[in-house]
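Numbers here simply count residues along the sequence, with the first being 1.
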Amino acid sequence: TTALRLVPMKKLSWIFLLGCASLLPACSNEALTPEQEIRQFVAKAAEAAENRSADDLDELMHRDYLDQKGYNKKQLGKLLRVYFFRNKNIFLLTRISEIEILSDNQARVDLHVAMAASAISDINALAGLRTQLVRFELQLVKQDEWLLQNARWSPASIADMQ
């Protein structure tokens with residue numbers, strides 16, 4: 001015979017409540033706007049770069065990625081791995097200047113990034129740190145989620161970060 005183990009009602013009700021609470025975010029009717037999704041995309045990319053995760057960045061790129069230097073997704077992945085190998089600490093401060101929604105599945109992002117080997121507490125800290133400032137023009141395409149399809153970059157200044 002199989003022995004049945006009864007869970008006390010009080011414990012069962014707590015398990016049920018915790019299970020329901022964990023499902024609440026998934027049941028929310030409030031979908032994110034495209035701009036909010038793109039801000040999340042930029043945050044994910046920054047986190048992946050700070051964690052030196054080329055694999056996580058690779059997941060954010062469209063299979064047909066191509067940039068101003070002619071690098072495709074595979075070539076850029078190799079360059080990122082070399083950059084991460086050479087730079088043990090990467091800290092970023094990002095500022096989105098503009099998000100332009102071009103269609104339901106295309107967007108353009110103007111992004112300024114300060115990169116340093118030590119933590120960047122805020123814009124005021126940039127002057128005291130050795131940083132690299134870059135302006136990125138990103139073309140995104142949406143396929144279930146936003147992906148990087150094209151990137152252009154150029155040097156930026158501290159004034160661009162304000």
Side-chain angles (χ1 to χ4, degrees), residues 22-127 129-162:
S22 69
L23 294 175
L24 284 177
C27 297
S28 173
N29 289 344
E30 293 183 36
L32 296 177
T33 66
E35 183 173 324
Q36 290 169 325
E37 291 173 347
I38 290 168
R39 288 184 184 282
Q40 282 186 348
F41 170 87
V42 171
K44 273 194 238 180
E47 182 179 359
E50 287 184 328
N51 291 332
R52 300 171 49 240
S53 177
D55 291 338
D56 288 347
L57 285 169
D58 186 69
E59 289 179 12
L60 298 174
M61 284 188 275
H62 189 270
R63 69 182 174 279
D64 295 330
Y65 172 85
L66 190 65
D67 64 32
Q68 73 188 33
K69 302 251 184 202
Y71 295 128
N72 62 27
K73 181 178 178 175
K74 186 176 180 179
Q75 291 167 321
L76 183 61
K78 287 179 183 178
L79 287 174
L80 287 170
R81 283 173 174 73
V82 169
Y83 183 82
F84 294 154
F85 179 76
R86 290 182 181 165
N87 296 279
K88 300 301 178 201
N89 296 311
I90 300 170
F91 296 90
L92 304 177
L93 180 65
T94 62
R95 183 180 157 273
I96 297 173
S97 302
E98 181 183 12
I99 295 175
E100 183 181 2
I101 307 298
L102 303 171
S103 68
D104 288 344
N105 65 345
Q106 292 188 335
R108 189 188 67 74
V109 180
D110 192 11
L111 172 69
H112 291 85
V113 179
M115 296 179 267
S118 56
I120 307 170
S121 57
D122 58 31
I123 287 178
N124 298 326
L126 291 179
L129 295 173
R130 186 170 169 222
T131 59
Q132 181 179 6
L133 301 164
V134 181
R135 175 181 181 239
F136 291 95
E137 294 176 56
L138 309 176
Q139 298 291 327
L140 305 180
V141 63
K142 188 169 185 179
Q143 296 180 330
D144 294 328
E145 60 186 8
W146 290 101
L147 299 171
L148 180 62
Q149 187 170 36
N150 181 278
R152 299 181 65 77
W153 59 89
S154 58
S157 69
I158 291 178
D160 294 324
M161 295 296 297
Q162 298 178 1

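The only option from Gln143, Lys73, Gln139 that meets the side-chain hydrogen bond (donor to acceptor under 3.5 Å, both in side chains) definition with His62 turns out to be Gln143.
Legend: residues meeting salt bridge (Lys or Arg N to Asp or Glu O under 4.0 Å) with Asp64, ordered by chain and number and at least two apart, are absent.
A distance of 8.5 Å separates CD of Gln68 from CD of Glu137, quoted to the nearest 0.5 Å. Here the straight-line distance linking atom CE of Met161 with atom NE2 of His112 works out to 8.0 Å at 0.5 Å rounding. Taking CG of Asn72 as the reference point, atom CE of Met61 lies at 9.5 Å (rounded to 0.5 Å). For the atom pair CD (Glu100) and CD (Glu35), the distance works out to 12.0 Å, reported to the nearest 0.5 Å. With rounding to the nearest 0.5 angstrom, the NZ atom of Lys44 is 5.0 Å from the CD atom of Glu145. In this structure, Leu60 CG and Ser53 OG are separated by 9.0 Å, a value rounded to the nearest 0.5 Å.
Atom CZ of Phe91 is surrounded by more than 12 heavy atoms from other residues, nucleotides or ligands within 6.0 Å.
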> Does the side chain to side chain contact (heavy atoms under 4.5 Å, CB included) test come out yes or no for Val109 and Phe41, once each step is laid out?
Replying inline: CA-CA 11 Å; Val109 180; Phe41 170 87; over 6 Å; no
>> Is there a side chain to side chain contact (heavy atoms under 4.5 Å, CB included) between Leu140 and Leu147? Walk through the geometry before answering.
In response: CA-CA 5 Å; Leu140 305 180; Leu147 299 171; over 6 Å; no
>> Could you go through Lys69 and Trp153, starting from their C-alpha distance and side-chain angles, then the distance that decides it, and tell me whether this counts as side chain to side chain contact (heavy atoms under 4.5 Å, CB included)?
In response: CA-CA 10 Å; Lys69 302 251 184 202; Trp153 59 89; 3.7 Å; yes
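Residue pairs meeting the salt bridge (charged side-chain N to carboxylate O under 4.0 Å, His left out) criterion with at least one partner in residues 150-162, sequence neighbours excluded, are absent.
When all heavy atoms are compared, the tightest approach of Ile90 to Ala49 is CD1-O, 3.8 Å. Nearest heavy atom pair, residue Asp67 against residue Ala151, reads CB-O, 3.3 Å. Here the closest non-hydrogen pair linking Gly77 and Ala54 is O-CB, 4.4 Å. Minimum heavy-atom separation, Leu129 to Ala119: CD1-O, 3.6 Å. When all heavy atoms are compared, the tightest approach of Leu57 to Ala45 is CD2-O, 3.5 Å.
For Arg95 (side chain) and Gln162 (main-chain N/O), a donor-acceptor pair under 3.5 Å exists by modelled atom type. Glu50 contributes a side-chain N or O that, together with a main-chain N or O of Leu92, makes up a donor-acceptor pair within less than 3.5 Å.
In summary, Asp104 and Lys142 do not engage in a salt bridge, as defined by a charged side-chain N under 4.0 Å from a carboxylate O. Note on Arg81 versus Asp55: salt bridge recorded, some NZ/NE/NH1/NH2 to OD/OE distance being below 4.0 Å.
Counting heavy atoms from C-beta outward, Ile99 and Arg39 have side chains that approach closer than 4.5 Å. Residues Ile101 and Ile38 meet the side-chain proximity criterion, which asks for heavy atoms closer than 4.5 Å. Side-chain contact between Val42 and Ile96 is present, with at least one heavy-atom pair separated by less than 4.5 Å. Here the side chains of Leu138 and Trp146 are not in contact, with every heavy-atom distance at 4.5 Å or above. At least one side-chain heavy atom of Leu133 sits less than 4.5 Å from a side-chain heavy atom of Leu126.
Looking at Asn105 and Ser103, their side chains do bring a donor and an acceptor atom within 3.5 Å of each other.
Geometrically, Lys88 does not engage Phe84 in a cation-pi contact, judged by NZ or CZ lying under 6.0 Å from the ring centre and within 45° of the ring axis.
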